[in-house]
J.: 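The structure is given below, and queries will be raised subsequently.
Letters A, B, ... mirror the listed sequences (proteins, then strands); counts begin at 1.
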2 protein chains.
Amino acid sequence: MSETISERCEIKGLRMTNQRKVIAEIIENTFDHPDVEELYNRASAIDDSISIATVYRTVKLFEESGILDKLEFGDGRARYENADREHHDHLIDINSGKVIEFVDNEIEELQELIALRLGYELRGHKLELYGVPIKKA
Amino acid sequence: MSETISERCEIKGLRMTNQRKVIAEIIENTFDHPDVEELYNRASAIDDSISIATVYRTVKLFEESGILDKLEFGDGRARYENADREHHDHLIDINSGKVIEFVDNEIEELQELIALRLGYELRGHKLELYGVPIKKA
DNA sequence: AACTAATTTAAATTATATTTCAATTTTATT
DNA sequence: AATAAAATTGAAATATAATTTAAATTAGTT
């Protein structure tokens, strides 16, 4: 969480148009996992000249630049989150769709180890847990 | 690996048309992770009257019946595998696209535990490791 | 064999994402 | 500040994956 997204874009040499600034700021201040449609809605509320094509282009650009992480929870829509955060994985409540973030160092280390055993250097991973809330008695 | 896919379909009360039998058999005897297009190619080679719409419908039906597992490795195409196998996760070679299957009980147990700590009963998970081969000296 | 309901094909449609291209905006240069 | 070159934009067209429609066929039942 060192620099803002706009700052990181400049470091990467990306032109900061107003559209990109708007989208960057939305993601900066968001704690959920919006899809493109939702980003477009939020961006339009700030600057209604932004087109959805630009939102698609921008998230793709940001993803390729390592500024955003793309998430896919299996419903066909890609979701995005700020990549400049402590790494974490996701637990998805299959009843409500709610997404809970978590970190577990033990599981992170195990993944490295498993990859090594298979002769690979781990470059990334995707871990999603799907569950239902435990009912309290 | 107790029954064949066809047998499991019958248990579930699904009608076994010739198209479904062909698709079931392909998946039964496959050790890779074909997408719909690839299943369609293989099915057409056996019975060239099968349409791609049927392949789409069949994999969806099979998935909903718990006969197939749907995999998404982030390239936009869904892949399928026989669900009636020892549970395993996947390591994807990001250079070659090769998919390696693995099982690690420690990581399985950890996932249960993490879900419990968050107040959830684990119903499923998706773990994919992405890596590059370690070069031998 | 006839009947009913499910399934099939082929085409049309939907949903998500990407690309095209003229117009505009940005950045670097003067 | 004005200018030129290059990148970005919006709107529409296009691409791609998946689903649905409707008429025809097939499976399972009587």
J.: With respect to the side chain of A:Arg20, which nucleotide from C:dA11, C:dT19, D:dT8 is positioned closest?
T.: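 Of C:dA11, C:dT19, D:dT8, D:dT8 is nearest to the side chain of A:Arg20.
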J.: From CG of B:Leu39 over to C1' of D:dA17, roughly how many Å is that when rounded to an integer?
T.: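 Result: 14 Å.
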J.: Give the nucleotide from the list C:dA10, D:dG10, D:dA7 with an atom nearest to the side chain of B:Ser51.
T.: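 The closest nucleotide is C:dA10.
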J.: Report the nucleotide, chosen from D:dT9, C:dT7, D:dA7, that has the shortest atom-to-atom distance to any side-chain atom of A:Thr17.
T.: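 Output: D:dT9.
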J.: Can you find a side-chain donor-acceptor pair between A:Asn95 and B:Arg123 that sits under 3.5 Å?
T.: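 Result is no, nothing qualifies.
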J.: Provide, to the nearest angstrom, the distance between the CE atom belonging to B:Met16 and the P atom belonging to D:dA27.
T.: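 Taking atom P of D:dA27 as the reference, CE of B:Met16 is at 12 Å.
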J.: Run the side chain to side chain contact (heavy atoms under 4.5 Å, CB included) test on B:Ile26 and B:Ile46 for me, step by step, so that the C-alpha distance in whole Å, both residues' side-chain angles and the decisive distance to 0.1 Å come before the verdict.
T.: CA-CA 10 Å; B:Ile26 289 167; B:Ile46 298 168; 4.0 Å; yes
J.: In whole angstrom, what separates A:Arg15's CZ from C:dA28's C1'?
T.: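 To the nearest whole Å, that distance equals 9 Å.
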J.: Of the candidate nucleotides C:dA11, C:dT26, D:dA18, which contains the atom at the shortest distance from the side chain of B:Ala53?
T.: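 Nearest listed nucleotide: C:dA11.
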J.: Separation of A:Leu14 atom CG from D:dT8 atom C1', in whole Å?
T.: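 Answer to the nearest Å: 12 Å.
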J.: Does the side chain of B:Gln19 get closer than 4.0 angstrom to OP1 or OP2 of D:dT26 through an N or O atom?
T.: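 The answer is no; no side-chain N or O of B:Gln19 sits under 4.0 Å from OP1 or OP2.
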J.: Under 4.0 angstrom, heavy atoms only, what part of the nucleic acid is A:Ile52 near: base, sugar-phosphate, or nothing?
T.: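 Result for A:Ile52 = nothing.
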J.: Would you please say whether a donor-acceptor pair under 3.5 Å links the side chains of B:Glu128 and B:His90?
T.: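 Checked: B:Glu128/B:His90 side chains show no N/O donor-acceptor pair below 3.5 Å.
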J.: Figure out the CZ/P separation between A:Arg57 and D:dT8, and round it to whole Å.
T.: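 Interatomic distance, CZ of A:Arg57 to P of D:dT8: 10 Å.
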J.: Does A:Tyr56 have a side-chain nitrogen or oxygen under 4.0 Å from the phosphate oxygens OP1 or OP2 of C:dT18?
T.: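 The answer is no; no side-chain N or O of A:Tyr56 sits under 4.0 Å from OP1 or OP2.
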J.: To the nearest angstrom, how far is B:Glu37 atom CD from D:dA15 atom P?
T.: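 Spelled out: CD on B:Glu37 to P on D:dA15 is 16 Å.
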J.: Rounded to whole Å, how long is the line connecting atom CD of A:Glu38 with atom P of C:dT16?
T.: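 Computing the A:Glu38:CD to C:dT16:P distance gives 13 Å.
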J.: Is there a donor on the side chain of A:Arg77 or the base of C:dT16 sitting less than 3.5 Å from an acceptor on the other?
T.: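 Under the 3.5 Å cut-off, the side chain and the base do not form any donor-acceptor pair.
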J.: Strictly below 4.0 Å, N to O, side chains only: are B:Glu38 and B:Arg42 in salt-bridge contact?
T.: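 Yes.
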J.: Can you figure out which of D:dA18, C:dA6, D:dT8 approaches the side chain of B:Val36 most closely?
T.: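 Nucleotide nearest to B:Val36's side chain: D:dA18.
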J.: Return the value, rounded to whole Å, for the distance between atom NZ of B:Lys60 and atom P of D:dA17.
T.: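 In whole Å, D:dA17 P and B:Lys60 NZ are 17 Å from each other.
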J.: Are B:Ile94 and A:Ile114 connected in the hydrophobic side-chain network, where two residues link if heavy atoms are under 4.5 Å apart?
T.: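 The answer is no; the residues belong to distinct hydrophobic clusters.
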